[in-house]
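Data first, discussion second: the structure below is written as structure tokens.
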There are 2 protein chains.
Amino acid sequence: MRPTVHDIAAEAGVSLATVDRVLNARAGVRSETRLRVQAAVERLGYVRDVAAANLAKSRIYPIRFILPSGDNPFMRALEAHVRQVGNPALRPGGLERVAVSLDCVPPLDAPALAAALIKAGEDEPAGIAVVAVEAPEVAAAVRTLQARGIPVATLVSDLPASGRNHFAGIDNMAAGRTAGGLMRRFLSGSRGAVAVIAGSLSLRDHRERLDGFAQALREAGEGLTLLPVLEGEDDPAKVEALAKRLLAEQPDLAGIYSLGAGDRGLVRALAQTKMPRPQAVVVHELSDHTRQALEEGLVDAVLAQDPGHIARSAVRVLRAFADGLVFDPAQERIRIDIFLKDNLPPARQALSDPHLPTGE
Amino acid sequence: MRPTVHDIAAEAGVSLATVDRVLNARAGVRSETRLRVQAAVERLGYVRDVAAANLAKSRIYPIRFILPSGDNPFMRALEAHVRQVGNPALRPGGLERVAVSLDCVPPLDAPALAAALIKAGEDEPAGIAVVAVEAPEVAAAVRTLQARGIPVATLVSDLPASGRNHFAGIDNMAAGRTAGGLMRRFLSGSRGAVAVIAGSLSLRDHRERLDGFAQALREAGEGLTLLPVLEGEDDPAKVEALAKRLLAEQPDLAGIYSLGAGDRGLVRALAQTKMPRPQAVVVHELSDHTRQALEEGLVDAVLAQDPGHIARSAVRVLRAFADGLVFDPAQERIRIDIFLKDNLPPARQALSDPHLPTGE
DNA sequence: CTGTTAGCGCTTTCAT
DNA sequence: ATGAAAGCGCTAACAG
């Protein structure tokens with residue numbers, strides 16, 4: 001059996017309450033006593049049972065998520081996962097004692113986001129997770145929250161200047177480089193123009209992907225020229241218009257890298273065009289549309305990040321920060337997933353059947 | 001507040017003990033009473049607090065892992081992660097109440113594996129996780145365990161015929177297809193021979209990868225011919241010898257797919273050869289050697305599965321089976337990771353610093 | 001500064 | 001067939 005507070009109380013010759021005070025670094029213990037307790041902890045190799053502690057505290061962790069509204073499929077998938085993480089009926093035994101609430105604000109609207117952050121902090125949640133827009137007022141809001149002792153994690157798009165506690169998302173520079181590397185190999189030897197369609201360069205993730213991609217393509221040094229970036233504001237209609245023009249007016253178009261959302265529009269343009277299609281098309285995030293486009297060969301690779309992992313990870317990490325505990329960075333690293341036609345995951349999975357207890 | 005057993009006892013007009021009996025499907029409750037309790041559960045939307053239940057039961061889950069011994073770097077990495085999952089000091093608040101023990105048996109030795117399985121089942125563990133070898137005696141051992149009520153999960157290499165409760169590993173057929181798809185694109189247009197180096201075809205994962213690869217290459221229909229499979233027994237020295245012969249005697253060698261272990265040998269052969277190197281080399285699993293080979297351009301892509309994820313997932317799933325609980329299949333799906341030079345994860349990460357509690 | 005005591009939500013004797 | 005009461009490991013009043 002693992003040692004308990006009782007064991008270390010006995011070992012140190014003090015009461016439970018004193019042990020608890022030392023363990024939780026509360027004031028009001030003579031330093032000599034504290035040392036005795038700490039020695040006992042060391043000697044017995046005591047490790048706190050966090051589940052029991054939380055039970056005793058009746059502690060629940062209120063965690064607020066702030067996501068962009070709108071019909072970006074990735075964000076809607078993230079929202080669905082966030083709601084699921086917060087539902088105890090859906091994950092008994094899992095991430096417990098968390099009360100998740102969720103707020104959506106219009107995308108790309110920094111003042112609205114900053115206001116939502118401040119409001120989210122008002123009732124002292126255990127942590128706040130937010131898809132950031134890179135703007136001074138947002139960074140200021142994050143700093144204000146942290147000053148009030150509320151841990152903040154950015155999701156998907158980072159805001160390092162704010163000093164946020166954690167970023168749950170992929171390394172977007174690496175993602176851009178990966179896209180560039182794939183494009184180069186898919187285009188091996190051929191010459192031509194490569195287009196990039198972004199959502200908005202005021203999103204840090206989009207800027208970083210662009211930088212990484214440009215870098216990888218430059219290194220290629222081959223006959224590939226990078227066209228000026230197009231911004232489609234993650235809007236399928238705008239992206240479609242941009243892509244149509246591109247296909248019509250750029251006869252030597254060899255590749256397209258779509259690093260934001262709105263791929264529905266791109267896919268439509270590709271499906272309808274009468275011009276020869278570019279040899280390599282790389283997009284971001286798995287959705288019904290991109291999945292189908294991959295299967296049909298309209299798209300050659302999808303770079304993705306797992307929204308379920310992001311939601312769970314954000315909760316775990318914020319909880320760890322709230323409690324002053326360690327977490328495992330390897331487990332919380334969000335992978336850059338590369339999907340080809342051949343390794344597409346099954347479309348959608350529900351919870352496993354409950355395995356009835358033996359006896360029924 | 002979520003309803004507790006007290007609430008449902010009051011609602012149903014019975015005592016705590018009776019509620020507990022119904023909740024745990026234990027005998028000795030009149031069916032009329034049972035119905036009353038179940039109705040109360042429904043009405044109040046009661047969900048059991050698993051953490052509290054485990055605390056009350058003082059339950060710990062003894063889980064046994066059986067892995068192949070030897071110097072296969074992937075298996076050693078898996079072993080390291082398994083040991084970490086079982087160490088409460090390393091993951092406070094995480095996967096708690098699990099006592100992991102680990103046993104290694106010689107690779108590819110079915111009788112030894114079967115014996116180890118039977119032995120592992122002797123003291124009634126909560127679950128057993130095993131890297132399977134496909135052999136009748138192993139399947140029989142697994143069935144014996146299950147007949148005794150012990151859930152079994154296979155890791156990495158599956159054994160579906162045994163009726164194991166769960167498989168924690170990638171879809172190896174899809175992995176093979178993915179390798180084939182990459183190879184085709186990397187070789188776009190060129191003609192030549194493609195070699196496959198496996199470990200042993202008595203490992204189901206190796207056979208499945210081979211099948212998927214062959215299938216993808218056939219579909220390609222281009223000028224690529226698949227050479228007869230080589231078996232290197234996952235041994236670097238043997239793999240090196242095979243690869244050297246291949247490089248020397250196959251002048252039109254366009255690609256190599258190494259789907260087992262022993263890649264150290266392959267990398268050495270590639271580094272030392274004076275012949276032109278094949279245009280595309282795809283291997284499995286990230287290790288110091290394959291990572292470096294990727295960075296140096298000796299290898300073009302690494303397919304991988306995350307050993308940390310496999311270890312954690314196996315424990316979560318076995319625990320869910322032991323308790324008759326649901327789990328989230330999407331969370332437990334092991335991804336086929338594709339690593340290129342550009343999206344290599346950082347080499348190694350330790351636990352995050354403990355965030356000291358406020359007040360100290 | 002330190003100790004006693006009553007619970008957190010659930011399970012488990014032991015009575016009835 | 002059902003209930004009362006103690007206790008899992010920890011925290012939180014409230015006394016001293």
Side-chain angles (χ1 to χ4, degrees), chain A residues 1-38 40-41 44-61 88 92-93 96-97 99 322-325 357 359, chain B residues 1-38 40-41 44-61 88 92-93 96-97 322-325 357-359:
Chain A
M1 270 328 244
R2 266 165 54 177
T4 76
V5 275
H6 289 93
D7 299 319
I8 91 148
E11 177 83 8
V14 298
S15 76
L16 286 188
T18 301
V19 171
D20 186 68
R21 287 183 186 104
V22 174
L23 254 31
N24 294 290
R26 277 188 275 267
V29 182
R30 233 187 332 164
S31 64
E32 192 226 328
T33 320
R34 158 161 318 176
L35 260 41
R36 276 225 311 287
V37 173
Q38 280 162 345
V41 167
L44 270 48
Y46 170 83
V47 181
R48 185 218 248 85
D49 181 332
V50 184
N54 284 331
L55 176 58
K57 283 197 282 232
S58 315
R59 167 131 201 203
I60 49 137
Y61 298 77
E96 233 10 297
R97 313 205 155 270
D323 277 349
L325 291 177
Chain B
M1 267 330 240
R2 265 166 54 178
T4 75
V5 275
H6 290 91
D7 299 318
I8 91 147
E11 177 84 7
V14 297
S15 76
L16 287 188
T18 300
V19 172
D20 186 70
R21 287 184 187 104
V22 175
L23 255 33
N24 293 292
R26 276 188 276 268
V29 182
R30 234 184 334 163
S31 65
E32 192 227 329
T33 320
R34 160 162 317 180
L35 260 44
R36 276 225 311 288
V37 173
Q38 280 163 345
V41 167
L44 271 47
Y46 170 82
V47 181
R48 184 215 249 88
D49 182 332
V50 183
N54 285 331
L55 175 58
K57 286 198 281 238
S58 314
R59 166 129 202 205
I60 51 138
Y61 298 78
E96 233 10 296
R97 312 203 153 271
D323 277 350
L325 291 177
T358 42

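Naming convention: chains lettered A, B, ... in sequence-line order (proteins, then strands); numbering from 1 in each chain. Just the heavy atoms: all of them, side chains too, but no hydrogens, waters or symmetry mates, feed the values below.
Between D/dT2 and B/Arg30, a contact under 4.0 Å exists linking OP1 or OP2 to a side-chain N or O. Contact annotation: A/Ser15 does not reach the phosphate of C/dT4 (side-chain N/O to OP1 or OP2, under 4.0 Å).
Taking the ring axis of A/Tyr61 as reference, the NZ or CZ atom of A/Arg59 stays within 45° of it and closer than 6.0 Å to the ring centre.
When the C1' atom of D/dA1 is taken as reference, atom CG of B/Leu35 falls 16 Å away, rounded to whole Å. Rounded to whole angstrom, the span from the CG atom of B/Leu23 across to the P atom of C/dT12 amounts to 12 Å. Atom C1' of nucleotide C/dT2 and atom CG of A/Asp20 are separated by 13 Å, given to the nearest angstrom. The nearest whole Å value for the distance from the CG atom in B/Leu16 to the P atom in D/dA6 is 14 Å. For B/Arg26 and C/dC14, the CZ to P distance is 15 Å, given to the nearest whole Å. Regarding B/Asp49, its CG atom lies at a distance of 9 Å from the C1' atom of C/dC8, rounded to whole Å. The CZ-C1' distance, from A/Arg34 to C/dC1, rounds to 12 Å in whole Å. A/Asn54 places its CG atom 15 Å from the C1' atom of D/dA12, with the value rounded to the nearest Å.
Nucleotides of DNA chain D nearest to B/Thr18 and B/Ser58 differ in position, and the one nearer the 5' end is that of B/Thr18. Each of B/Ala53 and A/Ala17 was matched to the nucleotide of DNA chain C holding its nearest heavy atom; the match closer to the 5' end belongs to A/Ala17. Positionally, the nearest nucleotide of DNA chain D for B/Val29 lies more toward the 5' end than for the other of B/Val29 and B/Lys57.
Taking only side-chain atoms of B/Thr4, from C-beta outward, the nucleotide of C/dG9, D/dA1, C/dT2 with the closest atom is C/dG9. Between C/dC14, D/dC10, C/dG9, one nucleotide has an atom nearer to the side chain of A/Leu55 than all others, and that is C/dG9. Nearest to the side chain of A/His6, among C/dC10, D/dC10, D/dT2, sits D/dC10. Candidate nucleotides C/dC10, D/dG3, D/dT11 were compared by shortest atom distance to the side chain of A/Arg48, and D/dT11 ranks first.
Among the protein residues, B/Arg21 comes within range of the nucleic acid bases, having at least one heavy atom under 4.0 Å from a base atom. Among the protein residues, A/Val14 comes within range of the sugar-phosphate backbone only, with heavy atoms under 4.0 Å from sugar or phosphate atoms but none that close to a base.
Although no hydrogens or angles enter the test, the distance criterion places a donor-acceptor pair under 3.5 Å between the side chain of A/Asn24 and the main chain of A/Asp20.
Ion pairing between a basic and an acidic side chain is recognised when a charged N comes within 4.0 Å of a carboxylate O; B/Asp7 and B/Arg2 show no such pairing.
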What do the steps show when you test B/Leu23 against B/Val41 for side chain to side chain contact (heavy atoms under 4.5 Å, CB included), and what is the final call?
CA-CA 9 Å; B/Leu23 255 33; B/Val41 167; 4.0 Å; yes
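Looking at every heavy atom in both residues, A/Ala40 comes nearest to A/Ala12 through CB-CB, 4.0 Å.
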